[in-house]
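Reading through the structure tokens given below for one structure.
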Amino acid sequence: MHAPDSFLPAATDITLTGLGRTLVMSGKLGQKFAQDIFRKAQVNRSSFIAELTGSGAVSATDLAHTLSLAFGAPQIDLAAVDPQRLPKGLLDNKICQDYRLVVLGKRQNRLIVATADPTDHKAAERIKFSTQLTVDWVIAEYDKLLKLVSTNSASATESIENIVGTDFEFDELAAEPAGDDVAMTSSEVDDAPVVKFLHKMLIDAFTMRASDLHFEPYEHNYRVRFRIDGELREIASPPIAIKDKLASRIKVISRMDISEKRVPQDGKMKLKIGPDRMIDFRVSTLPTLFGEKIVIRILDPNSAKLGIDALGYEPVEKERLMQAISRPYGMILVTGPTGSGKTVSLYTCLNLLNKPGVNIATAEDPSEINLPGVNQVNVNDKAGLTFAVALRAFLRQDPDIIMVGEIRDLETADIAIKAAQTGHLVLSTLHTNDAPSTLVRMRNMGVAPFNVASSVILITAQRLARRLCPACKKVINIPDKALLAAGFKPDELDGSWKPYHPVGCSACNNGYKGRVGLYQVMPISDEIQRIILRDGSALEIGEQAKREGVRSLRDAGLHKVKMGLTSLEEVLNVSNE
């Protein structure tokens with residue numbers, strides 16, 4: 001339905017912007033004619049360029065040539081482009097349709113895109129927001145661009161319809177022997193296009209070093225995002241019609257109840273990567289307003305076998321940790337938010353301790369990394385197998401080392417502390433901001449100061465910072481005032497090092513590749529024990545730790561900046577001072 005003319009400005013009141021202004025300034029259009037075209041586009045709810053080329057006043061070829069000269073951008077003849085050879089997956093197909101765009105390629109952190117209107121700032125902003133890449137425009141003729149966009153859209157729709165419209169059966173999987181794990185074999189992958197789509201997402205996530213996959217349904221769209229180096233990136237936008245079949249497929253191979261969509265569920269599955277390589281996935285479903293959101297976490301067993309040096313501990317921190325895990329009894333706590341690498345740190349320690357003469361038992365919710373030689377138990381609250389129940393059972397099984405996935409309540413804390421006081425080495429995690437606040441958190445849970453002081457021997461707080469790509473990182477000049485404000489000391493600004501910043505290339509993710517750990521390793525000294533016994537604050541404990549040479553997380557991050565491993569902005573983002 002067209003808007004009445006009375007609601008639109010008179011032609012003489014219209015201030016031309018963008019394409020109209022460019023053509024008037026170049027002498028290709030008269031001011032009044034351009035305003036009339038602009039007003040007609042408003043009435044018809046179409047674009048200025050569509051109305052202009054439709055009027056016949058300017059040919060698409062002449063328009064493209066004019067814009068190429070005006071903006072100094074290269075021009076391309078899309079009639080000579082083979083649609084099958086265009087890159088796929090660099091930009092959401094919907095954005096290409098909405099703004100009439102064709103992606104031609106990618107060079108480092110720049111996306112090369114064909115357009116008929118380089119003045120469309122909304123399109124450039126949308127592309128940058130979606131891809132985190134800078135746009136380089138290439139000018140194309142509007143009619144040829146429309147034809148190619150239509151061709152690409154038709155092929156994408158056809159492939160998606162193949163996925164959505166194809167039915168597949170779950171009987172084969174349902175008939176398999178019940179077990180905790182179900183492996184996706186190559187024959188299952190060929191069963192249906194939905195399975196192929198899921199298989200591709202899992203393989204792509206593993207190839208791109210993602211830690212998690214997010215399948216998210218909304219009212220009018222459905223998206224798939226990967227968490228890569230700690231940041232979520234939108235990877236695919238399949239049609240919303242696929243959500244139920246995709247959710248059902250994931251739930252079937254994860255041994256969940258496909259008929260239950262009202263409550264969250266947890267499961268796990270395996271994917272065969274090669275002839276002798278299996279990757280584990282932990283699956284979690286969550287009912288949302290418009291369907292089930294599914295998050296799949298990639299669990300690579302090899303991450304626990306990298307060794308302590310690969311985690312990023314400095315020599316002094318490594319020595320403190322090694323001394324603690326070599327003790328015959330006591331409690332070691334690893335703290336930090338979700339996704340900070342606590343599990344990998346714990347399993348790295350367990351891997352060092354895992355010897356034929358040692359009995360190791362773990363209780364987790366759920367077990368993320370399979371480590372042969374370690375007795376691993378998944379807690380199950382519904383069945384009554386809580387952390388506390390598992391711990392009590394461990395103590396009757398003659399353990400040497402116990403690992404508790406997380407200390408959540410006073411009962412679990414009490415049993416773990418008693419175990420640490422009676423000749424067992426106990427490793428566990430807590431969700432706190434830094435090492436000193438961990439001790440206060442245990443006091444707030446109701447643990448007596450004496451029990452805390454006599455059982456805890458070391459606390460490690462950690463964060464993960466994105467690692468700068470060694471191929472493209474560049475030196476940046478940051479004023480000394482800003483470096484001092486970030487936490488550097490005046491004597492550190494001696495010119496012997498330079499900070500780097502991310503650039504971006506084809507081998508990395510916006511200038512970063514992988515992550516490096518920032519650690520605050522705090523042994524519990526006699527003086528810190530005295531502060532705990534008199535119920536001192538986290539501030540007092542932190543000040544004493546600093547006097548004993550324990551670095552804060554911010555200081556650990558600044559050291560990584562000096563080493564050129566990460567950027568100052570990344571350290572400021574992940575640490576708090």
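None of these values were measured; they are calculated from a predicted model.
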Lys/Arg N to Asp/Glu carboxylate O, E317 vs R551, below 4.0 Å: yes

Does any donor atom in the side chain of E319 or Q323 lie under 3.5 Å from an acceptor atom in the other side chain? yes

side-chain contact (heavy atoms from CB on, under 4.5 Å) with P337: which residues, sequence neighbours excluded? S340, R463

Residues which pass ring pair (Phe, Tyr, Trp, His ring centres under 6.0 Å) with Y313, listed by chain and number, not counting sequence neighbours: Y519

State, without any angle test, whether T412 and D409 hold a side-chain donor-acceptor pair at a distance under 3.5 Å. yes

Can you confirm whether the side chains of N451 and Q421 place a donor and an acceptor under 3.5 Å from each other? yes

Does the distance from a Lys or Arg side-chain N to an Asp or Glu carboxylate O, for R466 and D229, drop under 4.0 Å? no

By ring pair (Phe, Tyr, Trp, His ring centres under 6.0 Å) - contacts of F488 (at least two apart): W497

Polar side-chain atom of K481 near backbone of I478 as donor-acceptor pair, under 3.5 Å: no

Ion pair present between R282 and D266, side-chain N to carboxylate O less than 4.0 angstrom? no

Sole residue of V456, L439, V452, I524 in side chain to side chain contact (heavy atoms under 4.5 Å, CB included) with Q529: I524

Looking at E125 and K128, is any side-chain nitrogen of the basic one under 4.0 Å from a carboxylate oxygen of the acidic one? no

R443 bridged to D535 by N-O distance under 4.0 Å: yes

Ion pair present between E570 and R515, side-chain N to carboxylate O less than 4.0 angstrom? no

Charged N to carboxylate O below 4.0 Å: is that the case for K560 and E314? yes

Lys/Arg N to Asp/Glu carboxylate O, K251 vs E292, below 4.0 Å: yes

